[in-house]
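Remember, it's a predicted structure, so these values are computed and weren't measured experimentally.
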Amino acid sequence: YKLVMWVDGTSDLSTDICIQEGPTCFEPTDLDAAAVTDTTAELSWMADGTNNIDYDVVVVADGDPITGTQIATATSVQTPTTVNGLAEQTDYDFYVRANCGNGDFSEYAGPFSFTTACSAISTPYFEDVELFSTSQGPVDENCWSDASATTFDWGVEQDATPSADTGPNAPFSGTRY
């Protein structure tokens, strides 16, 4: 059983007390996403009850409610379960509920947020700097990251170099280098 208390909003601010039957099917806890790749994620949780038969999982875009567009669903699964068909470098939320049998389901637990990895880049790789704006560089897309511990920066310039003796002074072709 559970105790529910509320104020009814009248001017005397009286408190109503109600004792209701508590849930018989409890929400899973400790949601987690591991072994995340560019298109899959292994989702796990802890059972918070002994009468759980299996679980239903829903994956939505990060920030969307569970009633939003469902990217992936899995029903009647155990923990952990792997979801497929995800997009690379994308933020997602997942929810999970317990199925305790005879139509008795817990509330959905979540959201738990995770981000898929970048896809591998095939070689040979060619980056056409003509496609970048001068405020954008190669580290701004394609899952590149700047791991440099120095102040040096890979950037894209246009027309003439901004300072002498620092690199190319003109593009090989096009207008950017």
Side-chain angles (χ1 to χ4, degrees), residues 1-123 125 127 131 136-149:
Y1 290 89
K2 65 180 178 178
L3 176 66
V4 179
M5 297 176 49
W6 67 91
V7 175
D8 65 9
T10 63
S11 60
D12 65 2
L13 296 177
S14 62
T15 301
D16 293 326
I17 299 175
C18 177
I19 297 176
Q20 300 175 337
E21 188 172 336
T24 56
C25 192
F26 297 97
E27 293 178 18
T29 61
D30 299 326
L31 281 62
D32 192 29
V36 179
T37 71
D38 57 338
T39 60
T40 66
E42 182 183 271
L43 308 178
S44 64
W45 53 89
M46 295 294 297
D48 196 14
T50 58
N51 57 343
N52 304 344
I53 296 172
D54 54 35
Y55 300 87
D56 297 338
V57 174
V58 175
V59 178
V60 297
D62 181 51
D64 280 1
I66 192 169
T67 55
T69 302
Q70 297 179 348
I71 307 299
T73 59
T75 57
S76 302
V77 297
Q78 299 298 316
T79 185
T81 191
T82 300
V83 291
N84 301 297
L86 304 175
E88 70 164 320
Q89 194 183 4
T90 304
D91 298 328
Y92 292 101
D93 289 337
F94 92 88
Y95 298 83
V96 61
R97 71 176 180 178
N99 176 0
C100 295
N102 298 319
D104 189 15
F105 294 91
S106 73
E107 295 293 321
Y108 275 99
F112 183 88
S113 300
F114 66 96
T115 302
T116 51
C118 299
S119 294
I121 296 175
S122 301
T123 58
Y125 179 76
E127 184 72 80
L131 302 176
Q136 175 189 31
V139 297
D140 297 329
E141 67 171 40
N142 296 331
C143 294
W144 291 101
S145 63
D146 186 359
S148 174

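Residues A74 and V77 share a closest heavy-atom pair of CB-CG1, 3.8 Å. The shortest heavy-atom contact between T40 and T82 is CB-CG2, 4.1 Å. Of all heavy-atom pairs between L31 and G110, the closest is CD2-CA, 3.9 Å. Taking every heavy atom of both residues into account, D93 and A61 meet most closely at OD2-O, 4.1 Å. Of all non-hydrogen atoms in N52 and A47, the two that sit nearest each other are ND2-CB, 3.5 Å. Here the closest non-hydrogen pair linking F94 and V57 is CD1-CG1, 4.1 Å.
With values rounded to the nearest 0.5 angstrom, E27 atom CD is found 11.5 Å from R97 atom CZ. With rounding to the nearest 0.5 angstrom, the OG atom of S76 is 12.0 Å from the OH atom of Y55. In this structure, the separation between CD on Q89 and CG on D38 is 10.5 Å, given to the nearest 0.5 Å. In this structure, N99 CG and I53 CD1 are separated by 5.0 Å, a value rounded to the nearest 0.5 Å. Between atom CZ of residue F112 and atom CG of residue D30 there is a gap of 10.0 Å, rounded to the nearest 0.5 Å. Between L86 atom CG and T37 atom OG1 the span is 7.5 Å, to the nearest 0.5 Å.
Judged by distance alone, with hydrogens and angles left aside, the side-chain atoms of T81 form no donor-acceptor pair with the main-chain N or O of T79 at under 3.5 Å. With T116 contributing its side chain and A87 its backbone, the two residues share a donor-acceptor pair below 3.5 Å. Looking at E42, its side chain never comes within 3.5 Å of a backbone N or O of A35 through a donor-acceptor pair.
For E107, the CD atom counts as loosely surrounded, since its 6.0 Å shell holds 12 or fewer non-hydrogen atoms of other residues, nucleotides or ligands. Heavy-atom neighbours of N84 CG from other residues, nucleotides or ligands within 6.0 Å: above the threshold of 12.
For the pair L43/V59, a side-chain contact is recorded, criterion being any heavy-atom separation below 4.5 Å from C-beta on. Taking the side chain as every heavy atom from C-beta outward, S106 and F26 never approach each other to under 4.5 Å.
Donor-acceptor pairing under 3.5 Å is recorded for the side chains of D91 and T115.
Between Y108 and Y95, the angle of the ring planes goes over 60°, which puts this pair in the perpendicular group of the 30/60° scheme.
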